Amino acid sequence: MKFQAQRGTHDVLPVDAPKWRFVEETWRRVCGLYGYEEIRTPIFEDFELFARTSGETSDIVSKEMYDFTDKGGRHIALRPEGTAPVVRAYLEHSLASAGGPVKLFYIGPMFRYGRPQKGRMRQLHQTGLECLGPATPEADAEVIEVTVRFYEAIGLEGLTVLVNSIGRQEARARFGEAVLRQLAGWLADQPPEARERAEKNPMRLLDSKDPDVKAALEGAPTIGEFLEPESREHFDRLCGLLDEAGIRYRLDPGIVRGLDYYTDTVFEVQSDALGAQSSLCGGGRYDGLVAELGGPSTPAVGVGIGIERALIAMEAAEAWPTSGRVGAYLVAATDSARVPLRSLARELRSAGVSCLADLDGRGLKAQFKQADRSGACWALILGEDEMAGGTVTVKNLESGQQESLPRAEAVARVVG
RNA sequence: GCGGGUGUAGCUCAGUUGGUUAGAGUGCCAGAUUGUGAUUCUGGAGGUCGGGGGUUCGAGACCCCUCAUCCGCCCCA
């Protein structure tokens, strides 16, 4: 085979497309219930948009950017995540001028140049939403609630919502220093680049799976001890709101998120169906991002949801919806019936019935075989007898029963 | 980016310590009294054994490189 899909990309084949459609349509529906509106942004943007917002030291920017220089010498990046482009569009088109909170959702491909693995693609797909304006924990709770309702609607149950607060800049800085003090002994034995990474962003060490790191962190302080009173209160109120919504969640000081723009609330939903990639989605509050991109100081909160990972989790849960069937397969019992057969097909299609007919000039038996395979409910047969009598033979492919009816009645039966 | 596993027909897989024209099941196509989809029977098509190089009289099996994929790490969706 000469060509194949590029590394880290995959084709969604007809057998799987309905599952994707189901997930995407469910997301649109649930978002609509909460008043979120769809926004579609380009899949490539100025590299700097992501470098500035995600953080130069973040893994996404430092090693996973899918970037290139275009013919005009521009440094372009295929978007690695959805929030920065949405905020860019929000500012560019002054969406805030409409007044009130701006509630947006999106669906589309994202790109990260990493080593592919199950549930980790170079072209991945996300749904997500952003709630711009409100600073209240009510907004945080709503975002988490939409996320949870979405997972319920696609049939996933028993998922764990993990929440945490990482506070504001100052609290994080003081906490980071405390973590580094705790790990000083361990860090001394590490290779320089690991030490450098740790010093640039100590919080990242908190969700490490390395047993040594976990051991070294034993008894370390938690971010909670460093939170400002406002952050503390915000988080407490959020937890109360989640209780009120009947959402099961767990406080997890290990949730820190990989992007620099998060403030206060961060959350994640995990599934044990995904192996090492246990995270189904991630989100949180990002009160500094709009200002960082040159807009007025605007609090905001959002979530990004991995479609591939949702589908993997659904596979494990066998949560598939049943798919629809084709309407009718038109069978030509003799070649001279093919012209009137096409006419019959046009009539049925204009009445909204999906029809299939042979395009290969196959024999009668083969046409029935195709009809069977297509999953059609009905086979409509046109041959010498039918043409002579102005009838159509209607066969129910499930029961096997058939009868000849005047053409108009046959159409009515299939349409009805 | 690092470590390990896998790669033979559309799909699931056999293939002995290297030895003739590489197999099975399933799927596909055709036929079994010329107007009927299951099953059955018969026949047929389909493989540069992921790709390239090397060792050998001889490689699907062994060695090197490469591509893809899976598992783990880093990190995340």
Side-chain angles (χ1 to χ4, degrees), chain A residues 1-10 13 15 54 57-64 79-83 108-128 147 191 193-194 197-198 201 204-213 255-259 266 268-271 274-283 303-313 329 331-335 337 360 362-387 393-402 404:
Chain A
M1 187 83 63
K2 188 157 186 190
F3 294 108
Q4 49 188 300
Q6 288 299 294
R7 177 165 223 203
T9 69
H10 63 96
L13 300 177
V15 280
S54 299
T57 64
S58 69
D59 271 50
I60 284 185
V61 172
S62 61
K63 63 180 203 187
E64 291 186 348
R79 63 182 183 195
E81 57 101 26
T83 299
M110 308 293 165
F111 303 83
R112 294 183 196 176
Y113 199 92
R115 173 84 110 218
Q117 215 177 113
K118 186 171 193 152
R120 172 186 286 153
M121 295 282 124
R122 284 184 176 174
Q123 176 176 339
L124 55 124
H125 298 81
Q126 291 189 339
T127 63
T147 303
E193 83 249 11
R197 203 170 53 223
N201 198 336
R204 294 260 162 69
L205 295 165
L206 295 182
D207 60 357
S208 173
K209 288 171 193 160
D210 186 334
D212 288 345
V213 178
I255 301 296
V256 294
R257 310 266 83 230
L259 303 170
V266 290
E268 195 169 306
V269 175
Q270 296 194 347
S271 159
L274 276 63
Q277 283 70 243
S278 57
S279 174
L280 278 174
C281 72
V303 62
I305 294 174
I307 297 182
E308 280 87 354
R309 292 188 183 181
L311 288 166
I312 291 169
Y329 192 102
V331 174
T334 170
D335 279 339
D360 292 303
R362 297 192 202 219
L364 182 72
K365 205 178 173 73
Q367 290 182 60
F368 270 98
K369 203 167 177 178
Q370 294 285 344
D372 188 37
R373 249 196 312 245
S374 74
C377 307
W378 305 98
L380 298 194
I381 305 128
L382 214 51
E384 302 289 359
D385 299 346
E386 288 83 356
M387 288 190 289
T393 298
V394 179
K395 177 169 187 173
N396 182 316
L397 287 169
E398 219 164 314
S399 67
Q401 292 183 329
Q402 69 179 55
S404 288

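This is a predicted model, so every value here is computed, not measured. Just so we're on the same page: letters track the sequence lines, and every chain starts at 1.
Between A/Ala5 and A/Gln402, it is A/Gln402 whose nearest contact on RNA chain B lies nearer the 5' terminus. Remark on RNA chain B: of its neighbouring residues A/Glu308 and A/Leu397, the 5'-side contact belongs to A/Leu397, judged by nearest-heavy-atom nucleotide.
Counting non-hydrogen atoms under 4.0 angstrom, A/Glu386 reaches a base of the nucleic acid. Using a 4.0 Å heavy-atom criterion, one finds that A/Glu384 contacts the bases of the nucleic acid, with or without backbone contacts as well. Looking at heavy-atom distances under 4.0 Å, A/Met110 makes no contact with the nucleic acid at all. Note on A/Gly400: a base of the nucleic acid sits closer than 4.0 angstrom, heavy atoms only. If you check every strand for non-hydrogen atoms under 4.0 Å, A/Ile305 touches nothing. Counting any heavy atom pair closer than 4.0 Å across all strands shown, A/Arg362 reaches sugar-phosphate atoms only and no base atom. Residue-level contact check: A/Gly8 touches the backbone only, with heavy atoms under 4.0 Å from sugar-phosphate atoms and none from bases.
Residue A/Gln367 has no polar side-chain atom (N or O) positioned under 4.0 Å from OP1 or OP2 of B/rU36. Here A/Arg7 reaches the OP1 or OP2 of B/rU69: one of its side-chain N or O atoms lies under 4.0 Å away. Considering only side-chain N and O atoms, A/Lys369 lies under 4.0 angstrom from the phosphate OP1 or OP2 of B/rC29. Between B/rG37 and A/Lys365, a contact under 4.0 Å exists linking OP1 or OP2 to a side-chain N or O. Considering only side-chain N and O atoms, A/Arg309 lies nowhere under 4.0 angstrom from the phosphate OP1 or OP2 of B/rC76.
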Verdict with reasoning, A/Gln6 to A/Arg122, per side-chain contact (heavy atoms from CB on, under 4.5 Å)
CA-CA 9 Å; A/Gln6 288 299 294; A/Arg122 284 184 176 174; over 6 Å; no
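Counting heavy atoms from C-beta on, the side chains of A/Pro80 and A/Met110 never come closer than 4.5 Å. By the 4.5 Å heavy-atom criterion applied to side chains, A/Trp378 and A/Asn396 are counted as neighbours. Contact check for A/Thr334 versus A/Met387: side-chain heavy atoms found under the 4.5 Å cut-off. Between A/Gln123 and A/His10, every side-chain heavy-atom pair lies at or beyond the 4.5 Å cut-off. A/Leu397 has its side chain out of reach of A/Asp372: every pair of non-hydrogen atoms, C-beta onward, lies at least 4.5 Å apart. Proximity of A/Arg115 to A/Glu64: side-chain heavy atoms (C-beta onward) are nowhere separated by under 4.5 Å.
No N or O donor and acceptor, one from the side chain of A/Gln117 and one from the base of B/rU69, sit under 3.5 Å apart. At a cut-off of 3.5 angstrom, the base of B/rC74 holds at least one donor-acceptor pair with the side chain of A/Lys63.
A straight line from CD1 of A/Ile381 to C1' of B/rG37 spans 10 Å, rounded to a whole angstrom. To the nearest angstrom, P of B/rC70 lies 12 Å from CZ of A/Arg122. At whole-Å resolution of the value, CZ in A/Arg115 and P in B/rC67 are 10 Å apart. Rounded to whole Å, atom C1' of B/rU34 lies 15 Å from atom CZ of A/Phe368. Going from atom CG of A/Leu364 over to atom P of B/rU36 covers 6 Å, rounded to whole Å. Rounded to whole angstrom, the span from the NZ atom of A/Lys118 across to the P atom of B/rG72 amounts to 10 Å. The distance between atom CD1 of A/Ile312 and atom C1' of B/rA77, rounded to the nearest whole Å, is 10 Å. The distance from atom CD of A/Glu64 to atom P of B/rA77 is 10 Å, rounded to the nearest whole Å.
With hydrogens and angles ignored, the 3.5 Å screen pairs no side-chain donor or acceptor of A/Arg309 with any backbone N or O of A/Leu280. Of the possible polar contacts, none joining the A/Arg112 side chain to the A/Met121 backbone as a donor-acceptor pair under 3.5 Å is found. A distance-only check finds a donor-acceptor pair linking the side chain of A/Arg79 to the backbone of A/Pro109 [under 3.5 Å].
Considering only the side chain of A/Gln4, B/rA68 comes nearest among B/rU36, B/rC71, B/rA68. Considering only the side chain of A/Asp385, B/rG35 comes nearest among B/rC2, B/rC76, B/rG35. Across B/rA30, B/rG3, B/rC74, the shortest atom-to-atom separation from the side chain of A/Arg120 is found for B/rC74. For A/Thr393, whose side chain is taken as the heavy atoms from C-beta onward, the closest listed nucleotide among B/rG35, B/rG1, B/rA77 is B/rG35.
Scanning both residues, A/Gln126 and A/Gly304, for their nearest heavy atoms gives OE1-CA, 4.5 Å.
With P as the reference atom, B/rU26 and B/rG43 are 14 Å apart, rounded to whole Å. Between B/rA77 and B/rC62, the distance separating the two C1' atoms is 42 Å to the nearest Å. B/rG27 and B/rG10 have their C1' atoms separated by 7 Å, with the value rounded to a whole Å. As rounded to the nearest Å, B/rC70 and B/rG50 have C1' atoms that lie 15 Å from one another. Distance check on atom P: B/rC11 versus B/rG72 gives 25 Å, rounded to whole Å. For the C1' atom pair drawn from B/rA30 and B/rG46, the interatomic distance equals 15 Å after rounding to whole Å. The same atom, C1', is picked in B/rC49 and in B/rG7; the two are 10 Å apart, to the nearest Å. Nucleotides B/rU6 and B/rC76 place their P atoms 31 Å apart, quoted to the nearest Å.
If you check the side chains of A/Glu386 and A/Thr393, you find a donor sitting under 3.5 Å from an acceptor.
Here the straight-line distance linking atom OG of A/Ser374 with atom CD of A/Gln367 works out to 12.0 Å at 0.5 Å rounding.
Within residues 370-379 of chain A, the residues that place at least one heavy atom under 4.0 Å from RNA chain B are, in residue-number order, A/Gln370, A/Asp372, A/Arg373.
Stem analysis of RNA chain B (Watson-Crick or G-U pairs, both distances under 3.5 Å, runs of at least three) returns B:1-7 with B:67-73, B:10-13 with B:23-26, B:28-32 with B:40-44, B:50-54 with B:62-66.
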